[in-house]
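Below: one structure, written as structure tokens.
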Amino acid sequence: AGRPLLPEARAGWAREENEEEVRVGAPEAPKIVAVKDHVERVSRSLEAEVARLTLSRSNFVVHDRRLLSVSCGLLKIFSPGSTSSVKLSINIAEDLDECTLQRAQDAQMRRLFLSVRRPLQGWAAAEGAKEQKLYFFDFESDEIAAEFHNEIHTTLERRKIG
């Protein structure tokens with residue numbers, strides 16, 4: 001657990017980091033050799049407490065504080081103040097339209113803007129209808145914001161390739 005998997009993991013196979021040689025695939029598959037320390041990162045887990053911002057007149061104000069996590073192609077937005085209740089789980093490759101870093105008032109690039117398609121509630125949900133929702137999150141530092149931004153964009157790039 002917590003060790004990166006190579007792309008073969010998407011097909012139900014796995015290769016572990018720092019193995020001299022690993023057999024990958026079903027028993028009838030040909031042998032594939034992994035070279036030590038040559039491991040491609042597919043996904044990693046990130047977690048951070050952020051301030052969710054809303055626009056009030058001409059500036060942003062803190063609406064609430066919540067946990068954000070990115071793991072295995074999912075962006076999870078937790079309920080305010082919770083570390084266990086997920087309010088919205090977003091499949092980055094399918095439901096995220098835009099992700100940009102923006103400057104805060106202190107000139108640090110620590111605000112993450114997300115444009116998300118989320119399921120509608122009620123009768124429209126049964127029909128698969130979705131609405132556009134905009135989120136602004138303020139991170140503690142520009143480094144943490146950049147890590148989230150890069151991980152999300154890595155997933156979006158895989159969507160374009162695949």
Side-chain angles (χ1 to χ4, degrees), residues 1-11 14 16-17 37-162:
R3 297 171 86 177
L5 298 176
L6 290 174
E8 291 83 3
R10 285 175 268 188
E16 293 187 351
E17 184 176 13
D37 296 328
H38 182 70
V39 177
E40 180 183 337
R41 181 179 64 81
V42 171
S43 182
R44 62 184 176 150
S45 295
L46 296 173
E47 199 171 84
E49 183 177 335
V50 297
R52 179 173 162 232
L53 306 174
T54 55
L55 194 57
S56 174
R57 296 186 187 166
S58 62
N59 59 347
F60 287 105
V61 294
V62 174
H63 181 72
D64 56 44
R65 297 201 62 79
R66 54 181 71 209
L67 190 66
L68 275 188
S69 75
V70 174
S71 179
C72 301
L74 294 177
L75 170 66
K76 293 180 182 176
I77 301 173
F78 287 74
S79 297
S82 176
T83 59
S84 60
S85 174
V86 176
K87 182 170 184 177
L88 182 63
S89 184
I90 301 160
N91 181 322
I92 295 169
E94 294 178 13
D95 295 323
L96 187 68
D97 290 325
E98 188 176 349
C99 172
T100 58
L101 274 177
Q102 299 180 345
R103 293 193 190 284
Q105 289 177 338
D106 61 6
Q108 287 191 3
M109 296 290 284
R110 64 171 205 221
R111 289 191 175 158
L112 192 67
F113 164 74
L114 301 172
S115 176
V116 174
R117 287 180 303 242
R118 67 179 188 178
L120 285 172
Q121 301 298 316
W123 65 269
E127 307 215 353
K130 295 187 178 189
E131 67 177 338
Q132 199 74 23
K133 174 75 175 173
L134 305 179
Y135 288 99
F136 293 91
F137 295 109
D138 191 35
F139 288 78
E140 231 177 78
S141 73
D142 53 350
E143 293 89 5
I144 297 170
E147 283 188 54
F148 269 78
H149 181 260
N150 292 339
E151 188 65 26
I152 290 168
H153 270 272
T154 298
T155 303
L156 290 173
E157 288 301 314
R158 275 191 233 114
R159 170 181 72 181
K160 291 177 186 174
I161 294 169

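Just so it is clear, the model here is predicted, and its values are computed rather than measured.
Taking both residues in full, the closest heavy atoms of P80 and D64 are given as CG-OD2, 3.5 Å, listed atom of the first, atom of the second, then distance.
Ionic pairing of R117 and D97 is present here: one or more N-O contacts between side-chain nitrogen and carboxylate oxygen are shorter than 4.0 angstrom. The residues E140 and R110 are annotated as not salt-bridged, no charged nitrogen and carboxylate oxygen being separated by less than 4.0 angstrom.
Between the side chains of N59 and Q105, no donor-acceptor pair is found at a separation under 3.5 Å. Side chains of Q108 and S141: no donor on one and acceptor on the other come within 3.5 Å.
Scanning for side chain to side chain contact (heavy atoms under 4.5 Å, CB included) contacts around I92 gives V70, L75, L96, I152, T155, L156, with sequence neighbours left out.
Distance CZ/F78 to CZ/R65: 15.0 Å, rounded to 0.5 Å. Atom CG of residue L67 and atom CD1 of residue I77 lie 11.0 Å apart, to the nearest 0.5 angstrom. Distance CG/L114 to CZ/F136: 9.0 Å, rounded to 0.5 Å. Atom CZ of R111 sits about 5.0 Å away from atom CG of L53, to the nearest 0.5 Å. Considering CG of L68 and CD1 of I144, their distance stands at 11.5 Å, rounded to 0.5 Å. Remark: F148 CZ to E47 CD distance equals 7.5 Å, nearest 0.5 Å.
Using a 4.5 Å heavy-atom threshold, the side chains of L55 and F60 count as touching. Looking at heavy atoms from C-beta onward, N91 lies in side-chain contact with L74 at the 4.5 angstrom threshold. Residues E147 and F139 fail the side-chain proximity criterion, which asks for heavy atoms closer than 4.5 Å. Within the 4.5 Å cutoff, the side chain of H149 has heavy atoms near those of the L112 side chain. For the pair Y135 and L88, the minimum side-chain heavy-atom distance is below 4.5 Å. Annotation: side chain of K87 is in contact with side chain of R66 (closest heavy-atom distance under 4.5 Å).
For the side chain to side chain donor-acceptor pair (under 3.5 Å) with S115, the qualifying choice from K133, Q132, E98 is Q132, the only one to do so.
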